[in-house]
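The structure under discussion appears below in the form of structure tokens.
So you know, we letter chains A, B, ... as the sequences are listed, proteins then strands, and number each from 1. Predicted model, so just to flag it, every value in this text is computed and none were measured.
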Amino acid sequence: MKATFAVVGLTVRALIRSRWVVVTAIFLLGFTLILPWMLRDDGTAVGRARVWIQYQFHLMLLGLSVATLGAGPGLVAGERERRHLQQILVKPVPFVAVWLGKWLALCLINGVLLLGSFGLFFFMMVRSFGSGRLPSDQTELRNRVWTVRRLTRPVAGTRWVEGEGMGVWRLEMPTVSAGKPLLLRARFFSPAVVSRWTIPGEWEIRDPEGRMYYYERLELRPGVVQEISLPAPSDTIAAGVWEVRYRNLDRDTILFDEEKSVTLWSEAGCFATNLLRGLALIWFRLLLLAAAGLTMGTLFSTPVAIFMSTFLLLLILLSGQIGWVVRTGQLVEPPHTHGGEPCTEHHSTPLREAVERGLKGMYRFLDRAVGAVRDFDPVEQAAESSRIEVQNLLRGFFQLVVLRGGILGLLAVLAATHLEWG
Amino acid sequence: MAFRLDIFHALVVQSVRESLRQPVILLVTTVAILLAALMPFMTAFQFGEENRLVMDGILALHFLLGAYLAGAVSQLGLGLDLQGRAAGLILCKPVRRAEFFLARFTGVLVVLALFSFCLWTAAVLSQQIGPLEHGEDERAGLIILAAVAAAHGISGMINYRRGSPYAEWSFFLLPIALGMALSFLLIRDLRADVASAGRVLASGVRLLPAFGLVYLGLGVLAAAAHTLAARFSSAPVLAGFMTLLLVLGLSLEPLIHEWRGAVAESLRVMGIAWLMPSWSLFWPADALYAGRSLPLTYLGWAALYSVTWTAFFLSVGTAWFAERELG
Amino acid sequence: MTECRVQIEKVEKTFRDFWGRARVRAVRGVSFDVAAGEVFGLLGPNGSGKSTLMKMMLGLLRPTAGQIRVLGQSPDTTAIRARIGYMPEESSLYPFLTAEETLDFFGQLFGLEAAERARRVEELLAMTGLAHARCRRVGEFSKGMARRVCLAQTLINDPDLILLDEPTAGLDPVGSRQVKEMIRALAQRGRTVILSSHLLADVEDVCDRIAILYHGLLCALGCVNDLLEEHGQIRILLPALDPAVREESLEWLRRRTGAVPLWEHPRKDLETVFLETIRHAPPPPEGASGAAVEEEAPLAPFLKGKGESAPP
């Protein structure tokens, strides 16, 4: 273990003295500082806060990912090429200790840079939104951004009564404390979106004991997620199944596309803690990338390893599209129609089918490899103030760091036992 | 001491050879060609934007991987020469520093030109894969794959027989193989359908200025990378500056656009516009929309813009390099 | 019977190309043993396989055929490296570390306690004449100074087996002499030293036995004295004689032996002249760079067996 810590110290020094840390810190902190001037929001305080969180998390994620993948390969391949690594390996130090030491050093520095950047962002955000805002903005911010909420989706049994133009959703909610307001989010679509901007409808919410909790007639815009602030209960309401009803008062048909279109959000925790949990998920992803960079460095020469690592990052960034292909089972959008007639531009040939089969196999493999990274993306949750559960954090740690990072580490160690270090 | 073309030529050849022997250069080029061939299969087609998406993808590959190549070749060439003291070995011969510096840069341009040619031929061939404006022809994709396989196979054979460097041969054979593949397609179409061959030819001619425009942008990037490599030996610092230049250069156009709205036409806005090269000016995808081609006058102005920036970077780089101590 | 520290049996090393064909046969069927307390020299021209053989002893390269045992075990065993010190042909030290940090880092790799490490670092810096340059980065050092740091890190663990690849390359004559004296002193303490060198005089000065390699083949193996001694001749050294006495003596020898005796004035070697010049040179000015030249640089006390014992 002493040797591992010695390698940690050495690597930290290497990263600091090669100016990697300085360059990365300048970039990260510099962009964190100028980010508020580059934001494009919807003009509301809530919208600005959410966009800011989203951009900042993306900045930290992408910036440190690129920096980690730039440094990792050089720490192994570069040192091997300069024959520094050989000097360590002739000492009583197994390669696994060297790999682990370098990985821990990258984890440490990434953690420090992440916290530094986050600290600056948080300070700027508090200063920006802390004062000088209208009371209504402050209330909205407190209710919709600074309050972290747990999402409850409809349970099975949800139905849509077609003839009556009414939808009924049942949601199994945890205990709702007195004085803590709820939030309803909904989205529906309508063909009338072009001709009219809003659709009138009645919303009715009943608590587990069947009492009317909320009733309102609202004109809502189709196609966008609508947030409806609900009043806080005067007494604590025990956990149970709530019922949400919506009656369409318009002559046009509307469509709630999926079950998650109607969700209830109850207050559940501190905003800063939630952001820190999001930060932890970003850190786990960086730990995985650090492992990938070091393993690429073990297997390839420095420039090749950097290129391969960059390619891996690209795959992670494209993991949404990869996941879509695997979920839908198709590489391309289905043929569109022109005036009711099917488009005849797309026709199958054996060659095209073979290529598509091969590509689909490749997409499935890639989804297995990088899909988990997408599943633990904290940006949306952090921006929407949606609670990041501890279980999710633990699963993320296991999936990204222990399992995938471990596999990469094992691959590097196995390769190293077969490598010659002359 | 007068400028000696033979010395300059020798230095350029050495620079190109050294770069091409780096496996990463071959790897990047091969990956770019293969992705260009697969692009029509990998793009989620929608709303009749198929051709545009495919071409956007290939041009993005050209620009981004070209930028990576520009940085990598500069660092692996000049950067390593300075670290490994090979530069000192050359400069203790009757070679001027400016000659050495500019010859190295010319070497980078040659590598980027070969890379751009490969991407252009791959793009023309890729256009023949459906569903595209000239109808479906998946065999064009096979032709690209066959050309890549042939280049690698032949260089492998040469390496087996004569022990010549695999990466260097493959890189030289790739543009030849792709050029031959394009000629094959043209001849085949000429025999079957002259109009079709004409369309392929027209497509190639239409795309050529677009790829030329991206190449001009890559030239500026290469000059910047080369200049930075002369000053900063540390790879992270070089990579950091290059990323900054790329990101700010890409966001320059929208930023200026936004500020124009806020502060109207002002000297400040114009000043910022001239502060660094804007990469948006080298992005030809929009000009290719709906079968149009890039106006040659635009290409001319872009060339002037590119040459100005390149000259600026190289002047700074030459001055830095002249001052640099070679330990 | 003396304990055998290194056993090399019919070792071969072939480097292959991408296609698996033999590209270079660096070592061909070499066999020899090295005993404890012995100073063993590997001699040979460039590319004769000396460094390859050493790297195989360290487990960095693996033999294509044959067997190597180092300290009774396979060179791949990590634990035995705690008893080995290796000085490579090129110093290959981390350029961003200072001399002191370098030695401390390598000490940590052997699991030495902080206090013990600090003591050894101090003693090694004094031994190699780098105490005044302890805070300078190794990247700023001259080749010879970096070589001294490299030598110091080789000894940080007080090794039983020391492998030195071109140890005096890049060192000034003083440093070179110090290294040779150190090798002898370590051998007297029972340490085994294997060194490779092009400098035949160095090998001759310190080695008990040598192996001469050429194109990977072992061409000669034996004691230095046996290999170098010309048994048919003797040399008598006398103070300068009066010419008449000298001629008379030579004549007497000619008559007694029947051979024609030769005489000459012995020449000082350049190393001796250099050392004398340095000895009489004025003291270095303030702020001078370079290693301190102390002809009688002491062997670090921990290497003499004083203080703590060798690490586990």
Side-chain angles (χ1 to χ4, degrees), chain A residues 1-23 71 74-102 104-105 109 298 300-301 304 413-422, chain C residues 13 15-16 26 51-52 54-64 70 75-98 101-102 104-114 117 137-139 149-150 153-154 156-157 159 163 165 311-312:
Chain A
M1 213 54 199
K2 269 187 180 174
T4 304
F5 287 124
V7 176
V8 172
L10 175 87
T11 310
V12 169
R13 276 197 188 112
L15 291 173
I16 291 172
R17 293 183 187 176
S18 68
R19 301 198 188 98
W20 179 88
V21 173
V22 178
V23 171
L75 288 174
V76 183
E79 289 199 4
R80 184 180 59 221
E81 284 151 17
R82 292 187 294 271
R83 296 177 196 281
H84 294 153
L85 210 54
Q86 285 84 328
Q87 282 280 62
I88 297 180
L89 292 174
V90 296
K91 308 287 187 279
V93 182
F95 180 78
V96 63
V98 177
W99 191 93
L100 204 61
K102 288 180 183 293
L104 286 172
I109 289 188
T298 311
F300 305 108
S301 66
V304 176
V413 172
L414 283 176
T417 53
H418 291 93
L419 281 175
E420 290 194 313
W421 301 88
Chain C
K13 178 66 191 176
F15 292 102
R16 301 186 182 279
S51 295
T52 305
M54 270 199 181
K55 284 174 185 169
M56 284 195 284
M57 289 182 214
L58 289 157
L60 291 175
L61 297 176
R62 295 190 184 86
T64 313
V70 175
D76 283 333
T77 317
T78 306
I80 60 156
R81 294 184 197 144
R83 296 168 59 199
I84 299 177
Y86 170 56
M87 182 179 185
E89 192 177 359
E90 285 174 23
S91 297
S92 310
L93 298 165
Y94 287 97
F96 54 84
L97 292 181
T98 65
E101 286 170 344
T102 302
D104 187 68
F105 166 66
F106 283 113
Q108 285 180 60
L109 296 184
F110 287 101
L112 297 174
E113 293 302 326
R117 231 163 45 226
R137 291 190 188 185
V138 173
V149 181
C150 197
Q153 68 80 28
T154 306
I156 189 90
N157 59 326
L163 300 170
D165 200 351

Can you tell which part of C:I80 gets under 4.5 Å to a heavy atom of chain A, answering side chain, backbone, both or neither?
neither

With a 4.5 angstrom heavy-atom cut-off, which part of A:S18 approaches chain C: side chain, backbone, both or neither?
neither

Counting heavy-atom pairs closer than 4.5 Å to chain C, which one of A:T417, A:V93, A:V90 comes out on top?
A:V90

Pair A:R83 + C:E89, salt bridge at N-O below 4.0 Å
no

Once rounded to the nearest 0.5 Å, what's the spacing between atom CZ of C:F106 and atom CG of C:L97?
8.0 Å

C:S92 and C:E90, any side-chain heavy atoms less than 4.5 Å apart:
yes

Under 4.5 Å to a heavy atom of chain C? For A:I16 that would be neither

With a 4.5 angstrom heavy-atom cut-off, which part of A:R82 approaches chain C: side chain, backbone, both or neither?
backbone

Between A:M1, A:Q86, A:E79, A:Q87, which shows the greatest number of heavy-atom pairs under 4.5 Å with chain C?
A:Q87

Assert top hit (heavy-atom pairs under 4.5 Å, partner chain C, pool A:P94, A:G9, A:A14) equals A:A14

Out of C:E101, C:Q108, C:Q153, return the one with the most heavy atom pairs under 4.5 angstrom to chain A.
C:E101

Proximal component of C:S91, with respect to chain A [non-hydrogen, under 4.5 Å]:
backbone

When you compare the side chain of A:W99 with that of A:V7, does any pair of heavy atoms fall below 4.5 Å?
no

Report which part of C:L163 has an atom under 4.5 Å of a heavy atom belonging to chain A: side chain, backbone, both, or neither.
neither

Determine whether C:F15 and C:T52 make a side-chain contact, defined as any pair of heavy atoms from C-beta on separated by less than 4.5 Å.
yes

Within 45 degrees of the ring normal and closer than 6.0 Å to the centroid, is that where the cationic atom of A:K91 sits relative to C:F110?
no

Should the ring pair C:Y94 and A:H84 be called parallel, tilted or perpendicular, given that the plane angle runs from 0 to 90° and is split at 30 and 60?
tilted

